[in-house]
Amino acid sequence: MSYAPEGNIEQGPEQITEAKLEESAIVPIGRAVEGVRPEDLSGFGYTYRHNWGLWNGFVRFDLTSSAYTASTRVFVAVSEGPTASGGKFVGNARYLVYNVAPENGVISVRVHIDWTSPIGVVIDYFIAQP
């Protein structure tokens, strides 16, 4: 697999699209859903926000813990930050998540921060342990 060299990623005007989630489409965990068994939803989950500091270009962020296994489920959201209150914001830089991979002892997240100088990177993790 080859990656575009830094600075050669084409940028165009930002396109914004919106989708409305109808409340009737929301199915709480625990309610029967076709094709999903209760044991498929077993385990526990938690969220975690980490301020990784200032970065740009292609970076792999490794979050380590003895609790992580190859079976850990992980979802991430990456953005610029932190704000004074510890939050995140959408600035002019583009953040692109390439890979998220849990292994024994580590969750690796590969990100491209499309900015010419290092800027703040904050990653929110939703981690589920089956």
Side-chain angles (χ1 to χ4, degrees):
M1 172 183 279
S2 65
Y3 295 99
E6 288 184 39
N8 289 344
I9 296 176
E10 290 186 30
Q11 290 190 41
E14 181 177 27
Q15 300 179 60
I16 301 173
T17 184
E18 182 177 307
K20 179 170 176 42
L21 176 63
E22 297 296 331
E23 288 186 31
S24 61
I26 299 171
V27 180
I29 292 176
R31 186 183 298 170
V33 177
E34 185 177 334
V36 178
R37 303 167 302 160
E39 55 268 26
D40 293 333
L41 302 173
S42 65
F44 68 95
Y46 56 96
T47 63
Y48 174 68
R49 174 171 286 174
H50 192 86
N51 174 5
W52 286 98
L54 305 176
W55 294 90
N56 69 319
F58 288 95
V59 183
R60 189 172 103 182
F61 299 98
D62 288 344
L63 184 65
T64 61
S65 169
S66 60
Y68 305 145
T69 71
S71 297
T72 299
R73 307 298 194 266
V74 183
F75 301 88
V76 299
V78 180
S79 195
E80 198 166 344
T83 63
S85 63
K88 301 187 313 185
F89 62 96
V90 177
N92 291 325
R94 295 189 308 178
Y95 290 66
L96 179 62
V97 175
Y98 277 89
N99 308 96
V100 179
E103 298 179 54
N104 292 336
V106 64
I107 295 170
S108 297
V109 179
R110 181 176 289 137
V111 176
H112 181 256
I113 302 107
D114 189 13
W115 202 247
T116 57
S117 59
I119 56 176
V121 177
V122 176
I123 301 180
D124 286 329
Y125 297 81
F126 177 80
I127 301 166
Q129 301 286 39

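The shown structure was predicted, so the numbers you read here are calculated from the model rather than taken from an experiment. Heavy-atom basis, side chains included; hydrogens, waters and symmetry copies ignored. Sequence positions, counted from 1, serve as the residue numbers for this chain.
Two residues are said to be in side-chain contact when any heavy atoms from C-beta on lie closer than 4.5 Å; V121 and V59 fail this criterion.
Relative ring orientation between F61 and W55 is described as perpendicular, the plane-to-plane angle rising above 60° on a 0-90° scale split at 30° and 60°.
For the atom pair OH of Y68 and CD of Q129, the computed distance is 7.5 Å after rounding to the nearest 0.5 Å. Between atom CG of residue D114 and atom CG of residue L96 there is a gap of 9.0 Å, rounded to the nearest 0.5 Å. With values rounded to the nearest 0.5 angstrom, D124 atom CG is found 12.0 Å from H50 atom NE2. To the nearest 0.5 Å, atom OG1 of residue T116 and atom CG of residue N56 are 7.0 Å apart. One finds the CD atom of E80 at 4.0 Å from the CD1 atom of I119 (value rounded to the nearest 0.5 Å). A distance of 10.5 Å separates CD1 in I123 from OG in S79, rounded to the nearest 0.5 Å.
Note: the hydrophobic cluster containing Y48 also contains Y95 (ILVMFWY, side chain heavy atoms under 4.5 Å, direct or indirect links).
For the pair K88 and A77, the tightest heavy-atom approach, listed with the atom from each and the gap, is NZ-O, 3.2 Å. Taking each heavy atom of D62 and S108 in turn, the nearest pair found is OD1-OG, 2.7 Å. Between N104 and A70, the shortest heavy-atom contact is OD1-N, 3.3 Å. Residues R49 and V122 come closest through the heavy atom pair CG-CG1, 3.6 Å. Taking every heavy atom of both residues into account, N51 and P82 meet most closely at ND2-CG, 3.4 Å.
The local environment of CZ in F75 is sparse, with at most 12 non-hydrogen atoms from other residues, nucleotides or ligands closer than 6.0 Å. Within 6.0 Å of atom CH2 in W52, more than 12 heavy atoms from other residues, nucleotides or ligands are found, so the atom counts as buried in its surroundings.
Of the listed residues (L63, V100, V109), just one forms a side chain to side chain contact (heavy atoms under 4.5 Å, CB included) with V74, and that residue is V100.
In this structure, Y125 has its ring center no closer than 6.0 Å to that of Y46.
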